[in-house]
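What follows is a short report on a single structure.
In what follows, chains carry the letters A, B, and so on, assigned in the order in which the sequence lines appear, proteins first and then strands, with residues in each chain numbered from 1.
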Number of protein chains: 2
Amino acid sequence: MYERKTPLSIDCGLHLTREVLNGKWKPALLYAISMDIKRPSEILRLLPGVTRRVLNVQLKELETHGMVEKKTYPQLPPKVEYSLTEIGRSLIPVIDAMNQWGDANRSFLETVIAQDPKIGETSKSICLKYGHMLVERKIG
Amino acid sequence: MYERKTPLSIDCGLHLTREVLNGKWKPALLYAISMDIKRPSEILRLLPGVTRRVLNVQLKELETHGMVEKKTYPQLPPKVEYSLTEIGRSLIPVIDAMNQWGDANRSFLETVIAQDPKIGETSKSICLKYGHMLVERKIG
DNA sequence: CAGAATCCACCAGGATACTG
DNA sequence: CAGTATCCTGGTGGATTCTG
């Protein structure tokens with residue numbers, strides 16, 4: 001009577017994805033790592049807003065959720081590198097879609113969200129930082 | 001020297017999108033409305049987890065962010081209908097991507113998130129509800 | 001450079017009850 | 001059916017400090 005026997009849920013997936021991406025910096029972290037910005041110090045430089053502690057916490061969550069892998073080099077000074085897992089990599093297109101939508105509607109969104117002082121500063125500085133990185137990466 | 005003069009930020013868009021989608025039920029709400037489940041009572045029936053108050057709050061935010069429009073019919077009993085705006089509609093593909101990714105990796109994600117008792121019940125009941133809706137909508 | 005331990009403030013979101 | 005007012009708490013994420 002209806003096309004699919006198991007009426008694939010409409011919302012479950014949404015909730016699961018939300019769960020994985022739940023955390024102020026998670027999408028950005030995944031995105032950064034996907035760009036080979038894989039060392040904590042690099043990430044901290046990239047995202048002026050995030051704290052060491054929060055960075056660790058959220059990376060840890062991404063790790064336990066199987067989105068990223070952590071490689072620790074027992075050196076001095078210590079060195080740590082994160083990389084996307086298979087499934088983590090499969091999330092990038094989604095994050096990319098989010099990013100592109102936000103970019104495409106930036107002016108409108110900035111206006112509309114203007115009242116909300118939350119992200120204003122943060123996101124702007126991040127923009128600059130990222131722009132910088134882009135240049136560096138393109139040139140280097 | 002580098003391909004684009006204005007090195008389109010990588011993260012701004014992400015933050016803006018996060019801002020709009022920030023709220024436990026926002027993606028689901030947009031999704032529901034996109035499916036013509038537009039009346040508050042319908043939505044409440046659909047999402048067993050959400051409260052009247054929270055529903056109102058988040059719908060209000062979506063409204064002030066320009067994602068949805070609210071139409072009030074001054075009747076008795078009162079009748080209210082929400083609809084997506086142009087830009088709100090443009091967000092659906094993104095939400096759809098989130099949803100599909102979650103669905104595609106459901107078994108893995110459920111396992112991995114299992115420790116986290118947060119959503120367990122909620123998302124399951126939502127699945128059922130939604131499945132139901134699908135059937136109803138396909139048949140009706 | 002990486003990261004663990006505390007401490008804390010804030011707010012999102014849930015429960016409840018009441019009005020039109 | 002829709003909406004509002006209170007109240008309350010759990011968790012997120014920020015600041016700080018200290019180790020290897």
Under a 4.0 Å threshold between the charged nitrogen and the carboxylate oxygen, would A:E42 count as salt-bridged to A:R45?
no
Are the side chain of [X] and the backbone of [Y] linked by a donor-acceptor contact shorter than 3.5 Å?
| X | Y | answer |
| --- | --- | --- |
| B:Q58 | B:W25 | yes |
| A:R18 | B:K24 | yes |
| B:T85 | B:M67 | yes |

In whole angstrom, what separates [X]'s [atom1] from [N]'s [atom2]?
| X | N | atom1 | atom2 | result |
| --- | --- | --- | --- | --- |
| A:N22 | D:dT12 | CG | P | 7 Å |
| B:I43 | D:dG3 | CD1 | P | 10 Å |
| A:E81 | C:dC1 | CD | C1' | 13 Å |
| A:L62 | D:dG13 | CG | P | 11 Å |
| B:R39 | D:dG3 | CZ | C1' | 14 Å |
| A:L59 | C:dA2 | CG | P | 11 Å |
| A:K60 | D:dT12 | NZ | P | 16 Å |
| A:L55 | C:dG3 | CG | P | 8 Å |

Quick one: which of D:dG3, C:dA2, C:dG3 gets closest to the side chain of A:N56?
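Out of D:dG3, C:dA2, C:dG3, the nucleotide with an atom closest to A:N56's side chain is C:dG3.
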Among C:dG3, D:dA2, C:dA2, which is the nearest nucleotide to the side chain of A:Y82?
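Of all the options, the side chain of A:Y82 is nearest to C:dG3.
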From A:Q100 atom CD to B:L14 atom CG, the distance as rounded to the nearest 0.5 Å
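Atom-to-atom, A:Q100:CD and B:L14:CG are 11.0 Å apart.
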Using the test side chain to side chain contact (heavy atoms under 4.5 Å, CB included), find all partners of A:S83 that sit at least two apart in sequence or belong to another chain.
A:E69
Which atoms of nucleotides 14-20 of chain D (N or O only) lie under 3.5 Å from a protein N or O atom, and what are those distances?
residue, atom, partner, partner atom, Å
D:dG14, OP1, A:K24, NZ, 2.6
D:dG14, OP2, A:W25, NE1, 3.2
D:dG14, N7, A:R53, NH1, 2.9
D:dG14, O6, A:R53, NE, 3.1
D:dG14, O6, A:R53, NH1, 3.3
D:dG14, O6, A:R53, NH2, 3.3

So is A:K70 actually on top of A:Y82's ring, under 6.0 Å and inside 45° of the axis?
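The answer is no; the distance or angle limit is not met.
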Pick base, sugar-phosphate or nothing for A:Q58, based on heavy-atom distances below 4.0 Å to the nucleic acid.
sugar-phosphate
For B:K70, answer base if it contacts any base atom (sugar-phosphate contacts may also be present), sugar-phosphate if it contacts only those atoms, and nothing otherwise; contact means non-hydrogen atoms under 4.0 Å.
sugar-phosphate
Are OP1 or OP2 of D:dA2 and a side-chain N or O of B:S41 less than 4.0 angstrom apart?
yes
